[in-house]
Amino acid sequence: MTKKRKALIITSSIFAFILTFFMVINMIPKKAVVEGVNPFKKNDVTLISAHRGGAFLNPENTEKAFDHVILETTYADIIEIDIHKTKDNVYVINHDDTINRTGILEEKEEDPIYIKEHTLEELREYNLGINFLSRDNLYPYRNLSLQEAENDGLTIMTLTGFLNKYKGKREFKLFIEIKETGEEAIKTADYLHALLNQEENKWYQNRTMIISFDDPVIKYIADTYHDMYVSPLGYNIVPYVGTAVLGVSSFYLPPYHGIQMQYSFSGINLARKDLIDIANQRNISTIYWTINDQKQMENLVRLGADVITTNAPDVLKEVIDKLNKSN
């Protein structure tokens with residue numbers, strides 16, 4: 001037997017072994033992360049998540065925005081909010097750790113107004129709609145007095161104020177993003193668990209998912225509080241995506257109830273049916289953020305994404321309705 005023939009046989013054997021290995025691996029049933037119903041998975045229609053309460057419609061993370069997507073309309077199935085703790089230990093709803101971007105005129109230069117360095121009373125002195133640019137290219141809330149801004153729901157809102165006002169108003173779910181990292185994030189997780197277990201807040205228990213870019217806090221919640229839904233953001237999804245792409249997803253069981261993915265990540269397309277199918281086998285919700293492009297919305301709906309988080313929930317609703325009619 002020639003050396004070339006021996007090399008060919010060895011190469012073919014190795015290839016056959018690898019092929020068989022991957023076939024066997026993919027035949028192994030995927031263990032479900034969530035037993036029974038996962039409230040963050042779609043039934044027939046992709047769920048719509050209003051990012052920061054619908055940031056293209058109203059000033060983000062304000063009572064005005066939440067009133068619109070919860071009380072005045074029904075196109076949003078999920079409301080996404082971000083929380084920070086004030087100097088006097090009150091959790092408020094705001095994306096940034098400062099209120100400068102939304103509460104200080106863009107042309108004015110001021111030192112950062114950090115939420116953690118100010119009391120709730122001090123933070124309520126700002127109109128958080130002052131820099132909101134509407135779709136018709138206007139600043140409709142720029143010239144309001146502080147009293148007018150407060151009356152219009154444009155001053156900072158507390159987390160407990162949100163929970164109390166909207167509880168049971170209609171069927172909706174909630175994404176709460178923990179913005180801190182490290183020990184502060186852990187303290188916030190403990191606080192949220194205790195808060196949602198209070199009798200007056202139990203309506204939210206099976207309707208709330210905690211999300212974060214801080215992987216340790218997500219793992220902490222998953223390990224400590226089995227009655228809470230969690231989902232990672234950012235680089236924390238790499239093990240899931242990596243094992244799925246390599247065809248060895250059976251070796252990795254995510255401890256999460258949802259996978260928060262961008263449309264693409266570091267140049268890698270994540271709008272893939274295989275990523276959605278593997279999650280379906282695990283009863284994990286596939287959540288794509290922050291999708292504002294209509295073509296991307298259409299593609300994700302066709303692929304079967306469970307949730308799409310968007311700044312324009314009204315546009316996404318139109319896209320979904322259009323696709324349903326065409327089918």
Side-chain angles (χ1 to χ4, degrees), residues 34 37-62 64-83 93-95 157 159 162-163 166 169-179 192 204 206-213 218 228-234 236-237 256-263 265 270-271 275-276 279-280 284-294 296-321 323-324:
V34 184
V37 175
N38 183 337
F40 296 92
K41 287 189 65 62
K42 70 181 181 70
N43 291 321
D44 300 320
V45 181
T46 296
L47 300 175
I48 299 173
S49 168
H51 187 238
R52 306 179 195 174
F56 285 176
L57 300 173
N58 291 286
E60 65 179 58
N61 275 324
T62 62
K64 185 176 185 66
F66 303 139
D67 279 355
H68 180 71
V69 291
I70 298 174
L71 303 181
E72 299 166 8
T73 61
T74 59
Y75 39 64
D77 305 291
I78 303 169
I79 313 302
E80 190 267 354
I81 66 175
D82 313 272
I83 60 172
I93 302 174
N94 200 69
H95 179 270
M157 191 176 199
L159 175 59
F162 177 99
L163 297 179
Y166 302 114
K169 295 299 183 182
R170 72 170 178 86
E171 282 295 320
F172 72 92
K173 298 176 179 66
L174 185 62
F175 287 156
I176 300 179
E177 182 175 343
I178 295 177
K179 305 300 290 188
L192 288 174
Y204 289 98
N206 291 322
R207 296 176 170 86
T208 302
M209 177 177 280
I210 310 303
I211 63 178
S212 178
F213 282 93
I218 291 296
M228 296 184 81
Y229 294 95
V230 291
S231 180
L233 289 157
N236 304 322
I237 69 167
Y256 316 124
H257 307 93
I259 297 292
Q260 301 257 353
M261 296 182 284
Q262 294 169 282
Y263 197 87
F265 184 73
L270 300 183
L275 295 180
I276 294 172
N280 284 336
I284 297 171
S285 175
T286 49
I287 305 159
Y288 285 85
W289 63 279
T290 300
I291 311 299
N292 299 316
D293 179 83
Q294 291 190 44
Q296 291 183 356
M297 291 176 178
E298 287 184 16
N299 188 40
L300 289 171
V301 172
R302 292 183 189 279
L303 288 173
D306 291 304
V307 180
I308 297 176
T309 295
T310 178
N311 290 317
D314 57 334
V315 174
L316 178 53
K317 178 69 166 91
E318 291 176 3
V319 167
I320 291 173
D321 288 346
L323 290 175
N324 285 339

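Source: prediction; values computed, not measured. Values below: all heavy atoms of this structure, side chains included; hydrogens, waters and symmetry mates excluded.
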Q: State whether the side chain of T73 and the backbone N or O of H68 hold a donor-acceptor pair below 3.5 Å, judged by distance alone.
A: yes

Q. Ignoring hydrogens and geometry, is there a side-chain-to-backbone donor-acceptor pair from E80 to A50 under 3.5 Å?
A. no

Q) So, the side chain of N236 versus the backbone of L233: is there a donor-acceptor pair under 3.5 Å, distance only? A) yes

Q: Could you tell me which residues satisfy side chain to side chain donor-acceptor pair (under 3.5 Å) with S285, sequence neighbours excluded, listed by chain and number?
A: none

Q) With a 4.5 Å limit on heavy-atom distance, are the side chains of F40 and K173 in contact? A) yes

(Q) Quick check against the 3.5 Å criterion: does T286 have a side-chain atom that pairs as donor or acceptor with the backbone of A305? (A) no

Q: Measure the acute angle between the ring planes of Y204 and F162, then classify it against the limits of 30° and 60° as parallel, tilted or perpendicular.
A: tilted

Q | Interatomic spacing from CE in M297 to CD1 in I291 - rounded to 0.5 Å | A | 8.0 Å

Q.
I need the D306 CG to I284 CD1 distance, nearest 0.5 Å.
A. 10.5 Å

Q) Counting heavy atoms not belonging to K41, are there more than 12 under 6.0 Å from its NZ? A) yes

Q: Check whether any side-chain heavy atom of E72 sits under 4.5 Å from a side-chain heavy atom of D67, and report yes or no.
A: yes

(Q) Side chains of Q262 and Y288, heavy atoms from C-beta outward: is any pair under 4.5 Å? (A) no

Q) Any side-chain heavy atom of Y263 within less than 4.5 Å of one from L300? A) yes

Q. S231 side chain to G258 main-chain N or O, any donor-acceptor pair under 3.5 Å?
A. yes

Q) For D77, what residues pass the salt bridge (Lys or Arg N to Asp or Glu O under 4.0 Å) criterion, not counting sequence neighbours? A) none

